[in-house]
Amino acid sequence: MAGNTDGKGPGTRLVGAGRREEWTGQVVNPPVWRASTHLYACEADRKAGGPQGKDGKFYYGRQGAPTQWALAEALTQLEPGAAGTMLYPSGVAAINGALLSVLNPGDVLLISDNSYEPSRVMATGFLKRWGVEARFFDPLDITAYEALFCKRTKAVWLESPGSLTMEVCDIPELTRIAREKDAVSLIDNTWASAIGFPALERGCDISVMSLTKHVGGHSDLMMGSAGAGERYYRALRRTSVQMGNVVSPDDAALALRGLRTMGVRLERGLQSALTIAKWLRDRPEVAAIHCPALEGDAGYDLWKRDFTGGCGLFSFTLADAIPEGRAAFVDRLELFGIGYSWGGYESLALAYDAAPIRNAMAVPCADQGGGAAMSIRLSIGLEDPADLIADLEAGFAELKNA
């Protein structure tokens with residue numbers, strides 16, 4: 001039976017987290033509890049549950065059962081400073097649920113302009129219709145960021161590194177300013193997870209992850225999470241219960257299985273990515289590499305200071321390429337699939353147009369000077385790095401012929 005993992009290393013914590021004996025019984029993993037109706041021994045037992053249910057207590061299917069509770073508890077145990085974690089049916093649902101937990105009509109949300117597109121869509125779509133004003137900021141310009149605050153600013157949305165252009169921002173300083181202004185700091189921490197970046201310890205109030213990525217790890221489930229200290233966990237739970245969020249116990253079991261090997265997959269992906277990034281740095285077809293863990297990267301010093309790990313996701317900008325050539329490069333790849341996701345065991349490539357320093361979603365690249373930069377994001381999986389390099393080399397040969 002799994003023992004106490006308090007104070008142990010990340011690998012030990014990943015193996016033992018969430019494995020309560022009352023949930024696992026005599027087996028290693030908690031069984032898959034499929035249930036909508038929970039039964040009570042007596043009327044007094046039913047009334048003790050309360051209308052919101054209680055953590056780890058049977059109430060009704062929307063409040064989960066041991067399979068979901070084990071996953072939520074495991075994620076909480078991996079996030080220093082967390083009092084609890086809520087689960088959502090997708091990463092986007094987690095983003096929405098977290099923001100709706102701390103914002104009201106009339107509030108202002110500051111959002112980093114390198115944020116994942118669905119975060120931006122939520123800010124400029126639903127939240128705008130709901131009466132929340134979104135103001136975008138450059139995460140590297142702290143002075144301008146601080147100047148954006150007003151009396152109505154209630155929350156700040158962060159992402160570091162940016163999941164496309166990979167810039168690392170000074171999270172401790174950005175969150176310090178937010179606290180001084182009485183604003184809640186939320187972060188999309190999918191890239192590094194709590195294993196590589198303890199977000200709450202770095203000043204964030206709520207840490208959101210797409211469990212679809214590294215926690216699942218096998219490209220076969222959709223799920224998200226949001227963890228927080230006691231104050232904001234209660235807000236997360238209240239909003240989630242009221243919105244009827246629930247995740248499948250079958251998917252929770254898959255996420256638990258993926259969680260146990262996440263540490264070794266993250267480390268393997270990061271080391272392979274560094275090998276490939278160093279090779280790309282010497283290619284004449286490449287104008288710039290955007291890989292925070294690569295020494296010499298613009299964000300390397302902050303990454304080295306604040307992070308204890310990373311993953312295999314990074315990007316690079318092509319030199320003197322045309323759209324047709326970039327498409328030919330990506331189409332030629334055999335080991336890299338073409339897809340929007342990342343964090344699975346397989347490698348992926350995604351072409352996008354963005355400025356080399358800042359994400360073009362907030363400010364069109366043409367307005368930043370130099371026109372659109374043609375970039376490619378790589379998610380490095382578990383294949384042998386030498387084989388991935390050979391695949392990329394074939395792509396560059398196709399690029400020259402385009």
**Student:** Look at the rings of W69 and W23 and say which category their plane angle falls in: under 30° parallel, 30 to 60° tilted, over 60° perpendicular.
**Tutor:** tilted

**Student:** List for me each residue that meets salt bridge (Lys or Arg N to Asp or Glu O under 4.0 Å) alongside R268, sequence neighbours excluded, and say none if there are none.
**Tutor:** D384

**Student:** So does C169 get a backbone contact from the side chain of S160, meaning a donor-acceptor N/O pair under 3.5 Å?
**Tutor:** yes

**Student:** I'd like to know if the side chain of R13 reaches the main chain of L78, judged simply by a donor and an acceptor atom lying under 3.5 Å from each other, with no hydrogens or angles considered.
**Tutor:** yes

**Student:** Could you list all the salt bridge (charged side-chain N to carboxylate O under 4.0 Å, His left out) pairs where at least one residue sits in residues 58-87, not counting sequence neighbours?
**Tutor:** R20-E73

**Student:** For A17 and Q77, which heavy atoms make the closest approach, and how far apart are they?
**Tutor:** CA-OE1, 2.9 Å

**Student:** For S163, does its backbone N or O pair with a side-chain atom of R377 as donor and acceptor, under 3.5 Å?
**Tutor:** yes

**Student:** Using a distance-only test with no angle check, is there a side-chain donor-acceptor pair under 3.5 angstrom linking S225 and T85?
**Tutor:** no

**Student:** For the side chain of D107 and the backbone of N104, is there at least one donor-acceptor N/O pair under 3.5 Å apart?
**Tutor:** yes

**Student:** Spell out, as yes or no, whether a donor-acceptor pair under 3.5 Å connects the side chain of H290 to the backbone of S315.
**Tutor:** no

**Student:** For E159 and S112, indicate whether the former's side chain and the latter's backbone hold a donor-acceptor pair under 3.5 Å.
**Tutor:** no

**Student:** Got a list of side-chain donor-acceptor pairs under 3.5 Å for residues 186-196, not counting sequence neighbours?
**Tutor:**
from, atom 1, to, atom 2, distance (Å)
D188, OD1, T190, N, 3.1
D188, OD1, T190, OG1, 2.7
N189, ND2, S193, O, 3.4
N189, ND2, F197, O, 3.0
T190, OG1, S210, N, 2.9
W191, NE1, L313, O, 3.1
S193, OG, I195, N, 3.1

**Student:** Surrounding CG of D320 (heavy atoms of other residues, nucleotides or ligands, distance under 6.0 Å), is the total greater than 12?
**Tutor:** no

**Student:** When you check the gap from the basic side-chain N to the acidic O, do E117 and R120 get nearer than 4.0 Å?
**Tutor:** no

**Student:** Please report the shortest heavy-atom distance between T67 and L256, naming the atom on each side.
**Tutor:** O-CD1, 3.8 Å

**Student:** Using atom types as modelled and distance alone, determine if a side-chain donor or acceptor of T165 lies under 3.5 Å from a backbone N or O of E167.
**Tutor:** no

**Student:** Is there a donor-acceptor contact under 3.5 Å from the side chain of R176 to the main chain of G203?
**Tutor:** no

**Student:** Once you measure the plane-to-plane angle for W342 and H214, does it fall in the parallel (<30°), tilted (30-60°) or perpendicular (>60°) bin?
**Tutor:** perpendicular

**Student:** S119: which residues meet the side-chain contact (heavy atoms from CB on, under 4.5 Å) condition with it, sequence neighbours left out?
**Tutor:** I95, I111, S115, Y116, W157

**Student:** Would you find a donor on one side and an acceptor on the other, under 3.5 Å apart, between the side chain of S185 and the backbone of D205?
**Tutor:** no

**Student:** For residues 324-341, which side-chain N or O atoms pair as donor and acceptor with protein atoms under 3.5 Å away, sequence neighbours left out?
**Tutor:**
from, atom 1, to, atom 2, distance (Å)
R326, NH1, Y352, O, 2.8
R326, NH1, D353, OD1, 2.8
R326, NH2, D353, OD1, 2.9

**Student:** Got a donor-acceptor contact below 3.5 angstrom from the N245 side chain to the V241 backbone?
**Tutor:** no

**Student:** Relative to the ring of W130, is the ring of F126 parallel (under 30°), tilted (30 to 60°) or perpendicular (over 60°)?
**Tutor:** parallel

**Student:** Mind checking whether D45 and F58 have side chains closer than 4.5 Å, heavy atoms only?
**Tutor:** no

**Student:** Filter on side chain to side chain donor-acceptor pair (under 3.5 Å), then keep only pairs touching residues 298-307, sequence neighbours left out; what's left?
**Tutor:** D170-R305

**Student:** Flag yes if more than 12 heavy atoms outside E295 fall under 6.0 Å of its CD atom; otherwise flag no.
**Tutor:** no

